[in-house]
2 protein chains.
Amino acid sequence: MPARVDDVALLDVDPRPTRNRRAAKKSKTRADLIAAAAELFGDIGYDEVTTTRIADAADVSQRTFFRYFPTKEAVLYGDMDETLDELRIALERRPETERPLEAVRAAIVDLRSNFERHRDLRLLQARLAATYPAVSAYSRATVQMGWEREIIAALADRLMVDPMEDPRPEIIAGAAMSAIRVATRQWSLQRGTPDYVDLIDAALAAVPSLGDDTTT
Amino acid sequence: MPARVDDVALLDVDPRPTRNRRAAKKSKTRADLIAAAAELFGDIGYDEVTTTRIADAADVSQRTFFRYFPTKEAVLYGDMDETLDELRIALERRPETERPLEAVRAAIVDLRSNFERHRDLRLLQARLAATYPAVSAYSRATVQMGWEREIIAALADRLMVDPMEDPRPEIIAGAAMSAIRVATRQWSLQRGTPDYVDLIDAALAAVPSLGDDTTT
DNA sequence: TGACTTTTGGCAGCGACTGACAGAATATGG
DNA sequence: CCATATTCTGTCAGTCGCTGCCAAAAGTCA
């Protein structure tokens with residue numbers, strides 16, 4: 001009696017208000033929206049999918065969609081906040097003795113588990129960014145800028161300088177982001193066959209002595 | 001009789017179809033839109049001005065506005081195509097013997113006349129980009145990406161490499177763009193008092209040996 | 001259970017942007 | 001100078017992303 005399974009599941013739901021059903025429901029809705037969006041974007045394309053359609057697929061109203069994500073682009077990069085948190089932590093963990101660029105490189109290698117966790121989503125993001133100008137623009141202006149901000153903050157701390165005055169943190173971060181962009185493009189074009197982290201690692205290795213304190 | 005002046009001006013208009021009245025009218029409309037937009041943006045703000053309002057101020061319909069500019073942001077950066085052309089030419093003029101980053105630096109110094117020509121517009125762009133996320137995003141995703149593309153193409157030519165394979169052109173370009181961004185921010189915050197080109201020059205000087213062929 | 005807070009849906013609306021079409025302006029050949 | 005072909009413009013109607021508002025539903029806590 002397979003129907004039983006559902007019954008049990010239904011009965012399993014505590015009819016009494018559980019302490020944080022709200023939080024659970026919210027994160028479920030959020031995950032549903034991200035999943036629905038990813039599937040629709042993958043199947044149909046980015047411009048071709050409306051926010052209403054995504055909301056319908058996740059069984060919420062369009063109004064609710066915009067309570068969870070500020071823009072249509074944001075739902076495609078639903079992993080961003082989490083990833084930036086991990087990047088920040090990875091950067092903080094690097095020993096002070098490391099040279100700036102080496103610290104960035106090592107921190108990104110530490111994100112390997114994140115990359116694997118979101119592998120399919122990353123491939124989709126890269127593919128859509130290569131196809132749709134709106135996605136490309138969002139990636140540059142919001143996602144990559146987010147990464148850059150974290151890197152700049154970490155490097156400014158390390159070098160003990162004000163990043164508004166000393167251009168070096170932003171320059172190193174810009175070079176690193178360029179390397180990451182190249183690696184991501186190569187990875188996407190090869191549909192994820194080479195290891196992503198290895199590609200980034202190799203691209204970052206092409207950044208020369210940049211960031212040595214000896215240049216001060 | 002000051003009225004005469006107008007009469008003469010009116011009579012001066014050749015009633016016969018001049019060979020390129022169209023082209024003249026088009027460039028006038030374009031210039032009018034840019035000027036009207038700049039004034040409104042400067043007085044009221046970016047989000048606060050609608051495209052219809054800009055079109056009205058330039059005495060055209062909103063539909064016509066969008067025949068001249070693909071987006072509202074584009075009219076604020078109406079000098080972009082012209083500037084990118086000048087940047088490309090300046091890069092091509094650099095002798096092959098120059099090291100990559102030095103060529104970029106020198107090419108940008110050569111744009112001094114462009115910067116002076118569009119000084120007020122540049123200050124406005126920088127100010128609005130610091131205030132309105134939409135402008136900031138457009139600046140990053142479209143304007144700065146345009147500069148970067150030119151620099152990458154020039155460096156790839158110089159180094160005789162495929163920029164899709166070798167990450168160095170994009171890395172050097174990314175570092176240079178970061179330096180330019182820092183300089184632009186400083187220039188904008190100081191309301192244009194220090195010379196813009198000098199600031200960029202100084203920021204670019206902070207980019208270390210990056211781009212030496214010796215790193216190959 | 002009942003009062004309180006948070007989340008949701010529906011609606012109405014704004015503004016950026018687009019396709020279609022008809023009329024005005026302009027270029028071109030005779 | 002005129003007729004004709006070409007290009008540009010305004011108008012209109014429509015789509016879509018996104019927002020404020022309010023009332024209903026769901027969840028929390030005593």
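Order of the sequence lines fixes the chain letters, A, B, ..., with proteins taken first and strands second; residue numbering starts at 1 for each chain.
What separates NZ of B/Lys28 from P of C/dA25 is a distance of 16 Å, to the nearest Å. The OH atom of A/Tyr132 sits 13 Å away from the P atom of D/dG17 (whole-angstrom rounding). In this entry the distance linking CD1 of B/Ile44 with P of C/dG15 reads 13 Å, nearest Å. Across the protein-nucleic acid pair, A/Arg30 atom CZ and C/dT8 atom P stand 13 Å apart, rounded to whole Å. Following rounding to the nearest Å, A/Tyr46 (OH) and D/dG17 (C1') show an atom-to-atom distance of 9 Å. In this structure, CD of B/Glu73 is placed 12 Å from C1' of C/dG15, rounded to the nearest angstrom. Distance, B/Leu33 CG to C/dA16 P: 14 Å, rounded to whole Å. Counting to the nearest Å, the P atom of D/dG27 and the CG atom of A/Asn20 are 12 Å from each other.
Across all strands, B/Phe69 comes closer than 4.0 Å to no nucleic acid atom at all (heavy-atom distances). Residue-level contact check: A/Thr52 touches neither bases nor backbone, having no heavy atom under 4.0 Å from any strand.
Heavy-atom distances under 4.0 Å link DNA chain D to A/Gln62, A/Arg63, A/Phe66 of residues 54-66 of chain A, given in residue order.
Distances were taken from every side-chain heavy atom of B/Lys72 (C-beta onward) to each of C/dT26, C/dA16, C/dT7; the shortest belongs to C/dA16. Nearest to the side chain of A/Tyr68, among D/dC16, D/dC8, C/dT7, sits C/dT7.
Salt-bridge annotation for B/Asp32 and B/Lys25: absent, with no side-chain N of the basic residue lying under 4.0 Å from a carboxylate O of the acidic one. A salt bridge links B/Arg88 to B/Asp85: at least one charged side-chain nitrogen sits closer than 4.0 Å to a carboxylate oxygen.
Checked by atom type, the side-chain pair A/Thr51/A/Gln62 shows a donor-acceptor distance below 3.5 Å. Counting only N and O atoms by type, the side chains of B/Arg181 and B/Ser178 include a donor and acceptor under 3.5 Å apart. The closest side-chain donor-acceptor pair between A/Thr83 and A/Arg122 falls under 3.5 angstrom.
Judged by atom type and distance alone, A/Arg67 reaches the base of C/dG9 through a side-chain donor-acceptor pair under 3.5 Å.
Side chain of A/Tyr46 to backbone of A/Ala129: no donor-acceptor contact under 3.5 angstrom is found.
Residue A/Asp47 is the one, among A/Asp47 and A/Ala23, whose nearest nucleotide of DNA chain D lies closer to the 5' end (criterion: closest heavy atom). Ranked by how close their nearest DNA chain C nucleotide is to the 5' end, B/Lys25 and B/Thr51 are led by B/Thr51.
Contact annotation: B/Arg21 reaches the phosphate of C/dT26 (side-chain N/O to OP1 or OP2, under 4.0 Å).
Geometric assessment of A/Lys72 against the ring of A/Phe41 yields a negative cation-pi assignment under the 6.0 Å and 45° thresholds.
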